[in-house]
Amino acid sequence: METSEKIDLDTNFEVQKTTDEKAWKVFLQQGIYKIVNPFVRLLIRLGFTPNAVTTTGFIMNVGVAVIFVVGGESENRDDLSYVGWAGFLIMMAGLFDMLDGQVARMGKMGSTFGALYDSVLDRYSELIMFLGICYYLMAHHYFLSSLFAFIAMIGSMMVSYTRARAEGLGVDCKGGFFQRPERVVLIALAGMFCGIASSIIGGDYKLYVPGIPFHIFETMSIFTVPITVLAIFTNITAITRLREAKHAIELKEKALADQ
């Protein structure tokens, strides 16, 4: 097979793969927008600009960090209500993060700086959120979990950075599952369910198995296990994006060399 033909086949495969991924994401987004569009219209009528919505989401994430810090300073290690309320606020902040783009589109207020502002505050928001999580876990002596939270923070940043750097080089790089919406939803749900479970089974619940000298599950695991999952798969996503970008760059260079 000629090199140019191989490049064309590889390129067509990548295009088809990207098209399929975009199709289901667009379908999912349209379903979500049908639900949130009435709220978006309300925000526009109230005079919210896209940057104002972005700023509101950022302030909420600062509130998340404050809740975790206050919870970390609490002497009652088994009071997981702080985790539950933080999870709820993470979900609300994530909603505003999603709405800013829709406010820009529906209100015809989009701008290049607005897109940059949104990206920058998204990074700040996520870092501040993880700062609060790490502080809480360290303060209550969940040292291993705090390490995983820090690794998850690194992975989250690298997922975003890999895409931005690749696109700066003219390569589309949006693959992987654990993008920002998935990360926000996972942490938010984990926090909320942890808080709810603590009110039902208690924050000090531990599950022991006969023959094993330590517990294999506790209420806090509802929050820390998803963080561990994030620590693993965000970094896998970043590495996957790096490999896909490398492949795309090589195809691009070969195509230019054959011209």
Side-chain angles (χ1 to χ4, degrees), residues 57-95 97 122-159 177-238:
F58 169 74
I59 293 171
M60 286 183 176
N61 276 295
V62 172
V64 169
V66 170
I67 292 174
F68 276 121
V69 170
V70 173
E73 291 298 310
S74 171
E75 295 181 359
N76 186 1
R77 187 176 189 260
D78 299 324
D79 183 6
L80 303 182
S81 61
Y82 295 99
V83 178
W85 285 112
F88 173 76
L89 194 54
I90 290 170
M91 185 65 79
M92 293 301 297
L95 177 63
D97 285 342
D122 280 353
R123 304 291 82 75
Y124 271 116
S125 294
E126 200 157 12
L127 287 170
I128 289 171
M129 178 192 70
F130 274 113
L131 172 64
I133 293 173
C134 289
Y135 185 93
Y136 181 90
L137 295 173
M138 285 290 291
H140 288 304
H141 308 294
Y142 294 102
F143 296 116
L144 184 59
S145 294
S146 67
L147 176 62
F148 279 120
F150 185 72
I151 295 172
M153 180 180 71
I154 294 172
S156 297
M157 291 303 101
M158 292 312 299
V159 168
F177 179 72
F178 277 93
Q179 300 180 58
R180 179 164 168 75
E182 290 92 339
R183 298 195 300 269
V184 168
V185 170
L186 181 61
I187 295 178
L189 290 179
M192 287 190 291
F193 281 127
C194 183
I196 293 170
S198 69
S199 66
I200 298 173
I201 63 177
D204 59 346
Y205 174 80
K206 292 179 175 59
L207 177 64
Y208 290 89
V209 173
I212 299 178
F214 52 86
H215 62 272
I216 62 170
F217 175 85
E218 60 181 321
T219 311
M220 189 62 176
S221 300
I222 299 173
F223 184 60
T224 56
V225 169
I227 287 177
T228 303
V229 171
L230 274 182
I232 296 170
F233 286 100
T234 52
N235 285 283
I236 289 176
T237 298

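Computed from heavy atoms alone, side chains included, the values below leave out hydrogens, waters and symmetry copies.
The side chain to side chain contact (heavy atoms under 4.5 Å, CB included) check on L131 picks up nothing, with sequence neighbours excluded.
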**OP:** Under the side chain to side chain contact (heavy atoms under 4.5 Å, CB included) rule, what do I133 and I187 come out as? Steps first, then yes or no, please.
**Re:** CA-CA 10 Å; I133 293 173; I187 295 178; 4.1 Å; yes

**OP:** Could you check T234 against M158 for side chain to side chain contact (heavy atoms under 4.5 Å, CB included), going step by step and ending with a plain yes or no?
**Re:** CA-CA 8 Å; T234 52; M158 292 312 299; over 6 Å; no

Subject >> Evaluation steps, side chain to side chain contact (heavy atoms under 4.5 Å, CB included), between V184 and I90 >> reply: CA-CA 7 Å; V184 168; I90 290 170; 4.0 Å; yes

**OP:** Take E218 and T224 through the side chain to side chain contact (heavy atoms under 4.5 Å, CB included) test and state the conclusion after the steps.
**Re:** CA-CA 10 Å; E218 60 181 321; T224 56; over 6 Å; no

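Considering CG of D122 and CG of D97, their distance stands at 5.0 Å, rounded to 0.5 Å. How far CZ of F178 is from CG of N235: 11.5 Å, rounded to the nearest 0.5 Å. In this structure, L230 CG and T228 OG1 are separated by 9.0 Å, a value rounded to the nearest 0.5 Å. With rounding to the nearest 0.5 angstrom, the CD1 atom of I151 is 11.5 Å from the OG atom of S156. The CE atom of M220 sits 7.0 Å away from atom CD1 of I227, with the distance rounded to the nearest 0.5 Å. The line from NZ of K206 to OG1 of T219 is 7.5 Å long, rounded to the nearest 0.5 Å.
Sorted by first then second residue, the side-chain hydrogen bond (donor to acceptor under 3.5 Å, both in side chains) pairs that include residues 190-204, not counting sequence neighbours, number zero. For residues 124-147, the set of pairs meeting the salt bridge (charged side-chain N to carboxylate O under 4.0 Å, His left out) definition, not counting sequence neighbours, comprises E126-R180, E126-R183. Residue pairs satisfying the ring-ring contact (aromatic ring centres under 6.0 Å, His included) criterion with at least one member in residues 197-218, sequence neighbours excluded, are listed as follows: Y208-H215. Pairs engaging residues 80-89 under the side-chain hydrogen bond (donor to acceptor under 3.5 Å, both in side chains) rule: D79-S81 [sequence neighbours left out].
Under a 3.5 Å cut-off, the side chain of E73 and the backbone N or O of V70 do not form any donor-acceptor pair.
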Tabulate below the donor-acceptor pairs under 3.5 Å that side-chain atoms of residues 136-150 make, not counting sequence neighbours, or state none.
{"unit_1": "H140", "atom_1": "NE2", "unit_2": "G71", "atom_2": "O", "d": "2.8"}
{"unit_1": "S146", "atom_1": "OG", "unit_2": "Y142", "atom_2": "O", "d": "3.4"}
{"unit_1": "S146", "atom_1": "OG", "unit_2": "F143", "atom_2": "O", "d": "2.5"}

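For F193, the CZ atom sits in a loose shell: 12 or fewer heavy atoms of surrounding residues, nucleotides or ligands are nearer than 6.0 Å.
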